[in-house]
Amino acid sequence: MNQKRKLIAGNWKMNGSLDANAALLQALREGVGTPACAVAVAVPAPYLAQVQSLADGSPIALAAQDVSQHDSGAFTGEVSAGMLRDFGARYVLVGHSERRQYHGETDAVVAAKAQKALAAGITPIVCVGETLQEREDGQTESVVKRQLAAVIHAVGHCVSELVVAYEPVWAIGTGRTATPEQAQQVHAVLRAQLAAATERADKVPLLYGGSMNAANAAQLLAQPDIDGGLVGGASLKAQDFLQIIAAAQSA
Ligand code: PEP
């Protein structure tokens, strides 16, 4: 059993509406009680203000899905860390594979985003993960280590303030989950890499993401180096998300 307080973060991706968000938050607030784990929802930027208000006074923390690598200026469409802070964001995803894949985010860009978040007092949830091809080529370890190394190098002594999410790209939104053993194996690699950079590596939450659901969460969360989950599809259904939170509390 892994006794650390776990973190369950939902990633709504580009889903939601004012009405749907209100219904989801209401159901989550009613169901979540006083959880023994930390809970967050990463919402689309236009809904930060709405969800900040809906979650006010609840244990549900607000997260953003992306942040600019710049502070301000002529970067049309970008949202800065300071803006996220204005709306009470506690976390921000950086380097989600969909950002890396569809928006060409490099390791250096992801590292710069993590730095900006930390400088604004927001915890970056740094996403790393290999594609199916990379796994089949035996490159899983080298890919995730390269991705995390860029961030470790950039944030220096703030390494222990990160959250890291291992999200195998082949498991995201596919219904295909890494086995608990596959996930634990990579988490152990990431933990060792963090331990080489900080004495507080055990304090860095390592989340697993990739088709986590109510049925598979307990087994994944029981692994010694899995400290929580980053949940996409299942975070849009209140009952599924609440069941994953319940699994985290008894893991
Ligand atoms: C994600 O978007 O981070 C994710 C893990 O998605 P899903 O749970 O839908 O695979």
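Both backbone and side-chain heavy atoms feed into the values below; hydrogens, waters and symmetry mates do not. Note that the numbering runs from 1 along the sequence shown for the chain. Order of listing sets the numbers, starting from 1, for every ligand and every atom in it.
- For the salt bridge (Lys or Arg N to Asp or Glu O under 4.0 Å) with Asp227, the qualifying choice from Lys6, Arg191, Arg5, Lys203 is Arg191, the only one to do so.
- Comparing heavy-atom distances from atom 8 (O) of ligand 1 across Gly229, Gly210, Gly232, Ser97 singles out Gly232 as nearest.
- Remark: minimum distance from atom 1 (C) of ligand 1 to any protein heavy atom is reached at His96 NE2, 3.3 Å.
- The list of salt bridge (charged side-chain N to carboxylate O under 4.0 Å, His left out) pairs with a residue in residues 64-77, not counting sequence neighbours, reads Asp66-Arg99, Asp66-Lys113, Asp71-Lys116.
- Partner Asp225 forms a side chain to side chain donor-acceptor pair (under 3.5 Å) with one of Gln185, His187, Gln184 and no other, that one being Gln184.
- Ranking the protein heavy atoms by distance from atom 9 (O) of ligand 1 puts Gly233 N, 2.9 Å first.
- Applying the 4.0 Å criterion to heavy atoms of Gly173 picks out, from ligand 1, the atoms 7 (P), 9 (O), 10 (O).
- Heavy-atom neighbours of Arg200 CZ from other residues, nucleotides or ligands within 6.0 Å: at or below the threshold of 12.
- Against a heavy-atom cut-off of under 4.0 Å, Ser211 is close to the following atoms of ligand 1: 7 (P), 8 (O), 10 (O).
- In Gln239, the CD atom is not crowded: 12 or fewer heavy atoms of neighbouring residues, nucleotides or ligands sit closer than 6.0 Å.
- Of the candidates Lys13, Glu98, Glu167, the one placing a heavy atom closest to atom 3 (O) of ligand 1 is Glu167.
- Distances below 4.0 Å separate heavy atoms of Asn11 from the following atoms of ligand 1: 1 (C), 2 (O), 3 (O).
- The shortest heavy-atom distance from Ala171 to ligand 1 is under 4.0 Å.
- Around the CD atom of Gln219, the shell of radius 6.0 Å holds no more than 12 heavy atoms that belong to other residues, nucleotides or ligands.
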